[in-house]
Structures are given as structure tokens and as C-alpha cells.
Amino acid sequence: MAEEKTRVDFNAPKSLVERADSVVGILDISRTRLLIDALEDELEELANNTEFRRRLSDAYYDGRVDYETVEAILGREEAMRMKLLRSSIDRTPAEPRLRDGLPSDESFYDGDVPEWTDEESNA
């Protein structure tokens, strides 16, 4: 099943379009195919770029980019890793609270508090 297509119009420098037209003539492909291939290559390169990945993860963790966007750019496996990490970051660990404060050493150790000694120095 073919993917749905969207028409994209943009302005480009005339010299760039002329260069592209020369290339499509040599390769015997359409200008559209050349642009799609170039865009796919650029997006693939960005997805493997460390700085871009850091910026994408920052945007995801800050809530500026949603999960579907990350999945579309990096793939399901990497997006799932980021989702799991984000959920662990968002969790606030429970803070244990004591009702009566800490017990004294005597009550904790049930009487005398043992004292550590260095047996080598006593020998």
C-alpha cells in the first residue's frame, strides 16, 4: 500500500535548481525523486548526529516534542528507550518519614553499643 503523499512547494535559488536539473538529466530521474532522496539522506544523517539527538532528547524531556515525533525520527526502539527514561525521570521517589525520630544507640542496639577495635593494634 502506497504512503499518502503531500504536495510541497518552496522557493530555491535558481542556480541550485539548475544544478539539480543537470543531475536529474544525467541520472534519468525526476526532480521530485532527487529531492526526496536528498531529504531522506539528510534526515538519516541528522538522526545519527550526536548534537541533533541531544537537542531532540532535550526537546522531548521538556515536553516540546511528543513521542510520535521522536519515533518518526529515531525509530520505535530508540523512542521507547527515551519514553522509559522520561517516565523514570518524572517519578519522585517516596521519602521515608519517621514518626518518632531516630532511636537512640542504646535502644537500637538493645543495650550496650558495640565498639569497633583494631585487633592488630591490640596484639
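All values reported here derive from a predicted model rather than from experimental measurement. All residue numbers refer to positions in the sequence shown, counting from 1.
- Within 6.0 Å of the CD atom in E51, the count of heavy atoms belonging to other residues, nucleotides or ligands exceeds 12.
- Sequence neighbours left out, the pairs with a member in residues 1-12 that pass salt bridge (charged side-chain N to carboxylate O under 4.0 Å, His left out) are R7-D9.
- Around CG of D28, the count of heavy atoms belonging to other residues, nucleotides or ligands within 6.0 Å does not exceed 12.
- Listed by chain and residue number, nothing satisfies the salt bridge (Lys or Arg N to Asp or Glu O under 4.0 Å) test with E42 (two or more places apart in sequence, or in another chain).
- A search for side-chain hydrogen bond (donor to acceptor under 3.5 Å, both in side chains) contacts involving T32 returns nothing, not counting sequence neighbours.
- Within a 6.0 Å sphere centred on CZ of R76, heavy atoms belonging to other residues, nucleotides or ligands number 12 at most.
- N48 pairs by the side-chain hydrogen bond (donor to acceptor under 3.5 Å, both in side chains) definition with E44, not counting sequence neighbours.
- Scanning for side-chain hydrogen bond (donor to acceptor under 3.5 Å, both in side chains) contacts around N49 gives an empty result, with sequence neighbours left out.
- With sequence neighbours excluded, the residues forming a salt bridge (Lys or Arg N to Asp or Glu O under 4.0 Å) with R64 are D62, listed by chain and number.
- V8 shares a hydrophobic cluster with F10, L35; the chain of contacts runs through ILVMFWY side chains whose heavy atoms sit under 4.5 Å apart.
- Closest approach of L85 and Y61 over heavy atoms only: CD2-OH, 3.1 Å.
- Closest approach of V65 and R86 over heavy atoms only: O-NH1, 4.5 Å.
- We find the CD1-OG distance between I36 and S30 to be 7.0 Å, quoted to the nearest 0.5 Å.
- Partners of E77 by side-chain hydrogen bond (donor to acceptor under 3.5 Å, both in side chains), not counting sequence neighbours, listed by chain and number: R81.
- Side-chain heavy-atom separations under 4.5 angstrom define the hydrophobic clusters, and the remaining members of the one that includes V24 are V23, L27, I29, L34.
- Taking CG of D21 as the reference point, atom CG of L16 lies at 9.5 Å (rounded to 0.5 Å).
- For R19, the salt bridge (Lys or Arg N to Asp or Glu O under 4.0 Å) criterion is met by no residue, not counting sequence neighbours.
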- Give the C-alpha distance, both sets of side-chain angles, the deciding distance and a yes or no for side-chain contact (heavy atoms from CB on, under 4.5 Å) between E78 and V70. CA-CA 8 Å; E78 188 64 29; V70 175; 5.9 Å; no
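- Among residues two or more places apart in sequence or in another chain, the salt bridge (Lys or Arg N to Asp or Glu O under 4.0 Å) test is passed with D37 by R33.
- Side-chain contact between K83 and Y60 is present, with heavy atoms from C-beta onward closer than 4.5 Å.
- Side-chain atoms of L43 and I73, non-hydrogen and from C-beta on, never get closer than 4.5 Å to each other.
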